[in-house]
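Just so you know, ligand 1 is whichever comes first in the structure, and atom 1 is the first atom listed for that ligand. As the structure is a prediction and not an experimental result, all values here were calculated from the model.
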Amino acid sequence: MDRYKPLIDDWNAFKEQADNHPLQGIRRNPLKSKDDFEEKLGQKFDYEKSSWNENVHRVSTETPGKSMLHWRGEYYVQEESAALPVTIMDPQPGEKVLDMCAAPGGKATQMAARMNNEGLVVANDESAQRMKSLHANVYRTGSKIVSASNYDGRNIPEDEKFDRILVDAPCSGEGDRYYRNFEAADKGESVGLSRLQQDLMKKAEKLVKEGGVIVYSTCTITPTENEKVVSKVIEETDLELEKIETDAEHVRGVSSFEDEEFGAKMSKTVRVYPHHLNSGVIYVAKFKK
Ligand SMILES: C[S@@+](CC[C@H](N)C(=O)[O-])C[C@H]1O[C@@H](n2cnc3c(N)ncnc32)[C@H](O)[C@@H]1O
């Protein structure tokens with residue numbers, strides 16, 4: 001991870017947070033919970049509310065999935081940082097949206113809740129195995145506007161156009177405690193993923209309506225899978241990069257790293273590190289067609 005020191009705003013805080021287990025995050029599901037949600041949550045766990053998203057709570061348990069409130073779909077176990085891409089995407093009731101890499105459904109169910117179950121969410125994922133969890137989560141959370149599809153995102157048919165698309169891309173997961181525990185990825189792995197990520201974004205451009213929004217996100221630190229992808233998308237498509245404004249603590253995307261230049265526009269994108277929200281890494285960029 002030391003190669004990323006120049007990218008991190010507070011290296012000591014980053015290391016300390018990465019080495020310690022953060023509080024678990026849960027996202028309230030308004031489709032299944034009522035006004036007494038916090039009272040019921042408080043009877044089960046100590047919790048604190050996120051400062052930037054009223055539905056996100058930090059809970060003091062290692063096993064938030066083991067509770068009746070969870071089984072009944074009143075909340076979804078989701079790290080605080082993972083709730084940011086859909087907040088930025090801001091899907092509206094009645095819209096038709098695509099979640100291109102959707103399993104196990106954390107963000108697709110968040111979209112359905114934000115849309116008050118009005119409209120359509122197409123939740124696509126290449127992995128048939130991971131789609132099983134998505135189906136279970138969609139059912140548990142009562143996300144009845146979610147339809148599932150099982151394409152390689154690069155092959156999704158182009159006969160339907162969407163108001164908004166999320167590309168929560170397959171990535172090396174350097175900022176995911178459970179997947180890689182903050183170990184840096186091999187450079188070759190990141191270069192291969194970067195090509196796939198660029199291809200998924202080029203496909204998203206073809207699937208979004210004129211004036212529509214595309215949000216790109218990863219949970220990794222390397223600029224190869226973040227700013228490099230975004231700079232290629234700007235260069236090779238008609239998509240416009242939009243500046244993200246958010247109350248969630250963050251730093252801005254970087255204009256260069258090692259011997260690569262990505263350009264000043266990268267300051268429109270955001271990086272969230274573990275010490276910002278007491279959770280995993282997230283990188284987010286927003287485009288308009
Ligand atoms: C970061 S995870 C998605 C997490 C999900 N958005 C959520 O919030 O629960 C990335 C997903 O991309 C899927 N994936 C990998 N390659 C893909 C491809 N070519 N097309 C579509 N999905 C792909 C993986 O199976 C994985 O489920």
Side-chain angles (χ1 to χ4, degrees), residues 24-27 29 53 55-56 64-65 70 73 75-89 91 97-115 121-141 143 146-158 162 164-180 185 189-207 214-222 225-226 229 272 279-285:
Q24 296 277 349
I26 58 138
R27 174 178 48 77
N29 174 23
N53 184 322
N55 286 323
V56 175
H70 177 252
Y75 66 74
Y76 189 98
V77 179
Q78 186 176 47
E79 285 200 295
E80 185 164 341
S81 53
L84 188 59
V86 174
T87 309
I88 288 166
M89 181 191 188
V97 306
L98 171 66
D99 189 351
M100 197 183 260
C101 309
K107 299 181 186 71
T109 55
Q110 186 181 2
M111 289 173 202
R114 262 187 104 92
M115 293 163 71
V121 177
V122 175
N124 176 77
D125 201 280
E126 185 199 32
S127 162
Q129 186 59 30
R130 285 171 65 91
M131 288 304 280
K132 291 180 191 167
S133 316
L134 182 136
H135 285 296
N137 285 325
V138 164
Y139 174 75
R140 188 176 54 78
T141 55
S143 306
V146 177
S147 294
S149 68
N150 187 205
Y151 287 98
D152 180 321
R154 294 168 292 187
N155 300 332
I156 294 177
E158 288 168 24
F162 296 89
R164 293 171 209 255
I165 299 179
L166 175 66
V167 180
D168 188 34
C171 72
S172 56
E174 294 172 322
D176 181 334
R177 178 182 309 280
Y178 304 99
Y179 179 60
R180 197 159 219 142
E189 179 186 346
S190 288
V191 169
L193 282 163
S194 183
R195 286 195 202 107
L196 169 62
Q197 291 153 350
Q198 289 167 42
D199 288 346
L200 290 168
M201 284 298 294
K202 285 178 189 163
K203 182 66 173 192
E205 187 206 10
K206 295 197 175 115
L207 291 166
I214 301 176
V215 169
Y216 175 76
S217 55
T218 76
C219 61
T220 209
I221 300 173
T222 177
E225 297 175 49
N226 295 326
V229 174
V272 173
S279 61
V281 169
I282 200 100
Y283 173 78
V284 193

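Atoms of ligand 1 lying under 4.0 Å from any heavy atom of Ala169, numbered from 1 in the order shown and given with element: 1 (C). In summary, the atoms of ligand 1 found under 4.0 Å from a heavy atom of Asp152, numbered by their order in the structure, are 18 (C), 19 (N), 20 (N). Of all atoms in ligand 1, numbered sequentially from 1 with element shown, those under 4.0 Å from a heavy atom of Ala102 are 5 (C), 6 (N), 7 (C), 9 (O). Shown in contact with Ser127 at under 4.0 Å from a heavy atom are these atoms of ligand 1, numbered in order with element: 25 (O).
With atom 6 (N) of ligand 1 as the reference point, the heavy atom nearest to it among Asp99, Asp168, Asp125, Asn124 is part of Asp168. Considering only non-hydrogen atoms, atom 8 (O) of ligand 1 lies nearest to Lys107 out of Lys107, Arg130, Gln129, Lys203.
Shortest contact from atom 9 (O) of ligand 1 to any protein heavy atom: Gly106 N, 2.9 Å. Ala103 O, 3.1 Å is the protein heavy atom nearest to atom 4 (C) of ligand 1. Considering only non-hydrogen protein atoms, atom 23 (C) of ligand 1 sits nearest to Glu126 CB, 3.6 Å. Looking only at heavy atoms of the protein, atom 20 (N) of ligand 1 is closest to Gly153 N, 2.7 Å.
The closest donor-acceptor contact from the side chain of Ser279 to the backbone of Ser81 lies under 3.5 Å. Side-chain atoms of Asp99 come within 3.5 Å of backbone N or O of Ala108 as a donor-acceptor pair.
Side-chain atoms of Thr218 and Gln197 form no donor-acceptor pair, as typed in the model, at a separation below 3.5 Å. There is no side-chain donor-acceptor pair under 3.5 Å between Thr220 and Thr222. A donor-acceptor contact closer than 3.5 angstrom links the side chains of Arg27 and Thr109.
With sequence neighbours left out, Lys206 forms a side-chain contact (heavy atoms from CB on, under 4.5 Å) with Glu158. Take Asn124 and apply the side-chain contact (heavy atoms from CB on, under 4.5 Å) test, not counting sequence neighbours, and it matches Leu98, Ser149, Tyr151, Ile156.
The shortest N or O to N or O distance between Leu200 and ligand 1 is not under 3.5 Å. Ligand 1 has a nitrogen or oxygen under 3.5 angstrom from a nitrogen or oxygen of Cys101.
Only one option out of Ile165, Leu200, Val167, Asp168 pairs with Tyr216 in a side-chain contact (heavy atoms from CB on, under 4.5 Å); it is Val167.
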